[in-house]
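Every value quoted in this text rests on a predicted model; they were computed, and no experiment measured them.
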Protein chains: 2
Amino acid sequence: MSIDSRSDRAVYLQVADIVRSDIVKGRLKPGDDLPSEAALGQTLGVGREAIRQALGVLRAEGLIATTRGFGTRVRERAERHNLKLKRGDVATARMPSEPERRTMDLDEGVPLIVLTHADGSVELLDAETVELTA
Amino acid sequence: MSIDSRSDRAVYLQVADIVRSDIVKGRLKPGDDLPSEAALGQTLGVGREAIRQALGVLRAEGLIATTRGFGTRVRERAERHNLKLKRGDVATARMPSEPERRTMDLDEGVPLIVLTHADGSVELLDAETVELTA
DNA sequence: GTACATTTGTGCGTATGTATG
DNA sequence: TCATACATACGCACAAATGTA
């Protein structure tokens with residue numbers, strides 16, 4: 001797999017495709033460190049900007065998480081717990097605002113479950129840790 | 001509201017806060033066009049990079065959508081339809097991959113609802129257009 | 001259809017700041 | 001203390017898409 005700078009698909013999306021494939025196919029496993037941005041750029045022969053944009057795409061997909069000064073690693077999947085909807089409960093999903101994300105200590109690319117109860121009260125849940133059933 | 005480049009909060013996050021506030025408070029309404037990146041940069045006295053990162057944050061939150069060659073506008077909320085979970089259905093939420101997002105023609109910042117039926121079949125739904133009940 | 005101005009997308013270079021180990 | 005690595009921010013240039021004259 002390599003980069004074609006004359007392709008219709010932008011270079012950074014090709015980079016994202018390659019790394020995503022590595023994750024989905026299991027060549028990179030949850031908890032694994034990715035190479036540094038500089039190393040990735042060297043390996044693939046593209047600039048840092050393209051690498052950073054590619055990693056941004058994968059962060060937004062919830063596949064990786066980056067720690068400043070440390071590096072980027074494949075995100076581990078939290079265990080889900082079951083949540084049984086009660087009568088009158090309504091559940092929707094949306095992305096958190098950036099301040100919400102910080103407050104709830106969520107990684108990028110993780111949606112919220114918004115649970116509105118019959119009495120009008122609202123709960124915000126990390127979508128990655130819950131599954132809903134009737 | 002203006003930008004303090006010596007603040008702890010990054011310039012682009014301050015820009016995002018300002019524009020988000022304009023949207024949440026209704027100064028910018030669904031369907032409204034935002035000023036161009038250049039105009040925003042002029043108005044706020046910051047470079048294009050900070051503007052583009054700020055808009056990237058708001059896109060990831062599902063608040064705005066950008067069309068190349070045209071501009072950026074406040075997203076309109078689609079109407080939700082109710083989906084009643086059947087016995088054996090399990091619903092989770094996650095972000096689409098970039099190829100999924102293109103295939104399903106979703107804006108950035110819109111999660112997927114993953115509906116797994118009792119027989120093992122899986123449905124992917126635009127999270128913005130559904131609400132789940134028991 | 002053509003041409004044009006506007007606007008965003010992409011990519012690179014440079015510099016400095018900050019968190020981690 | 002120090003090297004490494006990512007974050008932020010500015011600048012520039014050109015490509016590509018849009019809407020309009």
* Structure fact -> Rounded to whole Å, CZ of A:R73 lies from P of C:dA19 at a distance of 18 Å

* To do: Please tell me which of A:R9 and A:F70 maps to the more 5' nucleotide of DNA chain C, matching each residue to the nucleotide holding its nearest heavy atom.
  => A:R9

* Asked: Taking the side chain of A:Y12 as heavy atoms from C-beta outward, which of C:dT10, C:dT20, C:dA15 is closest to it?
  -> C:dT10

* Quick one: on DNA chain C, does B:E49 or B:L34 contact a more 5' nucleotide (nearest heavy atom)? -> B:L34

* Given D:dG19, D:dC10, D:dC6, which nucleotide is nearest the side-chain atoms of A:T72? -> D:dC6

* Asked: Got a salt bridge between B:D32 and B:R73, using NZ or NE/NH1/NH2 to carboxylate O under 4.0 Å?
  -> no

* Asked: Rounded to whole angstroms, how far apart are CG on B:D4 and P on D:dT8?
  -> 16 Å

* Length of the CD-P vector between B:Q14 and D:dA7, whole Å -> 19 Å

* When clusters are formed from ILVMFWY side-chain contacts under 4.5 Å, directly or step by step, what else is grouped with B:V130? -> A:L83, A:L85, A:I113, A:L115, A:L125, A:V130, A:L132, B:L83, B:L85, B:I113, B:L115, B:L125, B:L132

* Asked: Between C:dT6 atom C1' and B:R68 atom CZ, what is the distance in whole Å?
  -> 14 Å

* Distance in angstrom units between B:I51 CD1 and D:dG11 P, rounded -> 12 Å

* Starting at atom CG of B:L55, determine the distance to atom P of C:dG9, rounded to an integer number of angstrom. => 9 Å

* Go through the side-chain N and O atoms of B:S97 and A:R20 and say whether any donor and acceptor fall under 3.5 Å apart. => no

* Which ones in residues 59-67 of chain A lie close to DNA chain C, meaning a heavy atom under 4.0 Å from one of its atoms? -> none

* Structure fact -> Regarding the side chain of A:A50, the nearest nucleotide among C:dG11, C:dT18, D:dA9 is C:dG11

* Is it true that A:K29 and A:E76 make a salt bridge, defined as a side-chain N closer than 4.0 Å to a carboxylate O? -> no

* **Contact under 4.0 Å: A:R52 side-chain N or O vs D:dA7 OP1/OP2** => yes

* Should side-chain heavy atoms under 4.5 Å link Ile, Leu, Val, Met, Phe, Trp and Tyr, which residues sit in the same cluster as B:M95? -> A:M95

* To do: Would you indicate, yes or no, if C:dG11 has its OP1 or OP2 atom less than 4.0 angstrom from a side-chain nitrogen or oxygen of A:R48?
  => no

* To do: Round to a whole Å and report the spacing from CG of A:L44 to C1' of C:dG11.
  => 15 Å

* **Separation of C:dT8 C1' from A:Q53 CD (nearest whole Å)** => 12 Å

* To do: Just call it for A:E37: base, sugar-phosphate, or nothing, with non-hydrogen atoms closer than 4.0 Å on any strand.
  => sugar-phosphate

* Asked: Can we say A:R48 and A:E37 salt-bridge, meaning some charged N sits less than 4.0 Å from an Asp/Glu carboxylate O?
  -> yes

* Do you see a donor-acceptor pair shorter than 3.5 Å between the side chains of B:S21 and B:R27? -> yes

